[in-house]
Student: 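Take this structure first; my questions come after.
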Amino acid sequence: MKILSQILQFARPFRRYWPKYLFFILFGIIFSLSNVTLVAPLFDFIFQTDSVTRVTELPAFDIGHLDAYLKAFYNYHVSRLNDAYGMLRTLLIIAVAIVIASFLSNFFKYVAQRVLVRLRADVMRNMRGALFRKITQLHIGYFNVAQKGNILSIVSNDVNEIQNTIINSFQVVFREPLMILFYVATLFIYSFRLTLFTLVMLPIAGFLVSKLIRKLKKYANRTQSILGQIIVAFEETISGIRIVKAFNAQQQVTDSFDRQNHAYRNALKQMFNRQAMASPLSEFLGVSIVALIVLYAGYLTLNDVSPLSVGTFVTYFALYYFLLNSAKSLANEIGNINRGLASASRLLSILNEPNAIEDPANPKDLTFEHAIRYEDVSFSYQQEPVLKHVSLTIPKGATVALVGHSGAGKSTMADLLPRFYDVTGGRITIDGTDIRDCRLADLTALMGIVTQEAVLFNDTVRANIAFGSPDASDEDIRRAAVIANADEFISQMEQGYDTCIGDRGGRLSGGQRQRLAIARAVLKNPPILILDEATSALDTESERLVQEALTSLMKDRTSVVIAHRLSTIVHADLICVMDDGRIVEQGTHEQLMALNGAYAHLYNLQALK
Ligand code: ADP
């Protein structure tokens, strides 16, 4: 129920829909009821049964005997029509009334439906929007590798599933209870005793159906989670297809996929088998119930306890048939909703995930005039500590290089600065202010980041450089590209700055992608730069171009540089050698070489190569 109400929140404010809907659907129901109730009494007239007496005087209204009154009211008017025009004409008039009522009933139902269509469309839009917004806000730690496939599966499958089940069921779930209410009320008017009897039968059928539905839900849950794994398998294989081929691992991945695929097939089979049972079972139950009721109605009539005329009998069962249909589709849709709930709860698991990194209630102003300080910083992703009591001062304007074996914790050090993660011990300050005490937007405004893999979007060169600086003029963009050594190759492209660079910049070389990323950082013009292995993935020639670009970028800025190739950082103001989450040596290149420790060892090793 909580899940459902949270999904319904996406339809807020409800008053946009429900008054209109209620208005239209009430008319729809009333006209459709008058349809049924107009048809059946005709039988009494046509077949001239005993119970039809000509009524020449309109009886006084009596709420206590509503059924008798309504019947007499109807008969009175039909008698009058009959007297005036004869039976055949009367029939014609009633037939026309039926056609009009049917038209109006369907017209109003259609208009009511349109209100719900809007509701559905709104809910889907709001849900996708909320999901996207949430994903942009979630902390980085949420997006580890395992999670990515899961998120994609939720965004594509589960959202669709919710649309096909919960949202789809709106039209039935809002309408049918009203219809049922009206049907039952009308049935009571026709025969109180009979209806009381039939209402006892309904819960028994309802109980059986709901048991079936519960079973279905269990299987739906299982199929969705297996489907998630299948999507992940596809995703991984597509993005890693080169490696799969290079390692000749087609058979291996196919085998493991086949196992999941087979499990999914089994789960689907079981689910569909149960679903297939729902319809025959409910039809069987329906017929059994009707048989019982016919029996009881016959008993009442034959024993003259509460006799029904032919017309009433036919109307009663017509109405009853509609009532059962309504109840059946309601039960069906409740089953569908249950199927969708599993998806909805997966969707909500994203939306309800707390943003681990939030702005403080009373943020402090952030200035950067003096220094960034890591003060006794510790950090762990899970249990294992990755940084252990690290302290480091980065004076404004300095270039600090982090070097060391892979896995030593360099990237983690850098990621803590823009608060991709928060420290688990100690603190990081800028001019003495803990970075957790200021606004996240103020903090990130200070920083530009260039990583090993340039992150580019499927858009034009211009849009990629101006990413994050939407107000930049064309001249600004070009100037940034010149500084980043990118203007030349951009100008040679077919459409220059308007060239589309393809998915993740697929149409560019690694060095070109990197220079675009640098141009983006130049344009943002941040006082602090984080360069995480920005040249590591490049060949020597592009590295030279990119390194030149980086050198111009770093001029007059404070930089944290993570470098694999030590030749690129020999001029840094401070070099920190990291090992196993600690800074084991720090100083300038000359000092560290003189120390003849870990750094000198690493440096000589690379120089040898
Ligand atoms: P470096 O940049 O020096 O290669 P990292 O900072 O990337 O080192 O990683 C330090 C340690 O933290 C490694 O042992 C790595 O396995 C671990 N690590 C890095 N990122 C994550 C993550 N998202 N979740 C769990 N562990 C991580």
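As the structure lists them, so they are numbered: ligands from 1, and atoms in each ligand from 1.
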Student: Check each of Asn157, Asp158, Thr165 against Ser343 using the side-chain hydrogen bond (donor to acceptor under 3.5 Å, both in side chains) test, and report the only one that passes.
Tutor: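 When Asn157, Asp158, Thr165 are each tested with Ser343, the side-chain hydrogen bond (donor to acceptor under 3.5 Å, both in side chains) holds only for Asp158.
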
Student: Just jot down the ligand 1 atoms closer than 4.0 angstrom to any heavy atom of Thr412, in number order.
Tutor: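 This gives 5 (P), 6 (O), 9 (O), 10 (C) as the contact atoms.
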
Student: Supply the atom-to-atom distance Lys134 NZ to Ile151 CD1, rounded to the nearest 0.5 angstrom.
Tutor: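 Rounded to the nearest 0.5 Å, the NZ-CD1 separation comes to 11.5 Å.
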
Student: Where do Pro527 and Leu446 come nearest, in terms of heavy atoms and distance?
Tutor: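 Looking at all heavy atoms of both residues, the closest pair is CD-O, 3.2 Å.
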
Student: Near Ser411, which atoms of ligand 1 are under 4.0 Å from a heavy atom of that residue?
Tutor: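 Answer, ordered by atom number: 1 (P), 2 (O), 6 (O), 7 (O).
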
Student: Enumerate donor-acceptor pairs with a distance under 3.5 Å from any side-chain N or O in residues 250-261 to protein atoms, sequence neighbours excluded.
Tutor:
{"residue": "Gln251", "atom": "NE2", "partner": "Asp255", "partner atom": "OD1", "Å": "3.1"}
{"residue": "Thr254", "atom": "OG1", "partner": "Gln250", "partner atom": "O", "Å": "2.4"}

Student: With a 4.0 Å cut-off on heavy atoms, does Gly409 reach ligand 1?
Tutor: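 Contact check Gly409 vs ligand 1: positive.
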
Student: Give a yes/no verdict on whether any heavy atom in His405 is under 4.0 Å from an atom of ligand 1.
Tutor: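 The answer is yes: ligand 1 sits under 4.0 Å from a heavy atom of His405.
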
Student: Could you list which atoms of ligand 1 come closer than 4.0 Å to a heavy atom of Ser406?
Tutor: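 In order of number, 4 (O).
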
Student: Between the candidates Gly407, Gly581, Ala408, which shows the shortest non-hydrogen contact distance to atom 4 (O) of ligand 1?
Tutor: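 Closest candidate by heavy-atom distance is Gly407.
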
Student: Partners of Phe368 by ring-ring contact (aromatic ring centres under 6.0 Å, His included), sequence neighbours excluded?
Tutor: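 For Phe368 there are no ring-ring contact (aromatic ring centres under 6.0 Å, His included) partners, ignoring immediate neighbours.
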
Student: Below 4.0 Å, non-hydrogen atoms only: which portion of Val386 touches ligand 1? Side chain, backbone, both or neither.
Tutor: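 Just the side chain.
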
Student: Using a strict threshold of under 4.0 Å (side-chain N to carboxylate O), is an ion pair present between Asp365 and Arg439?
Tutor: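 Result for this pair is no, no salt bridge flagged.
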
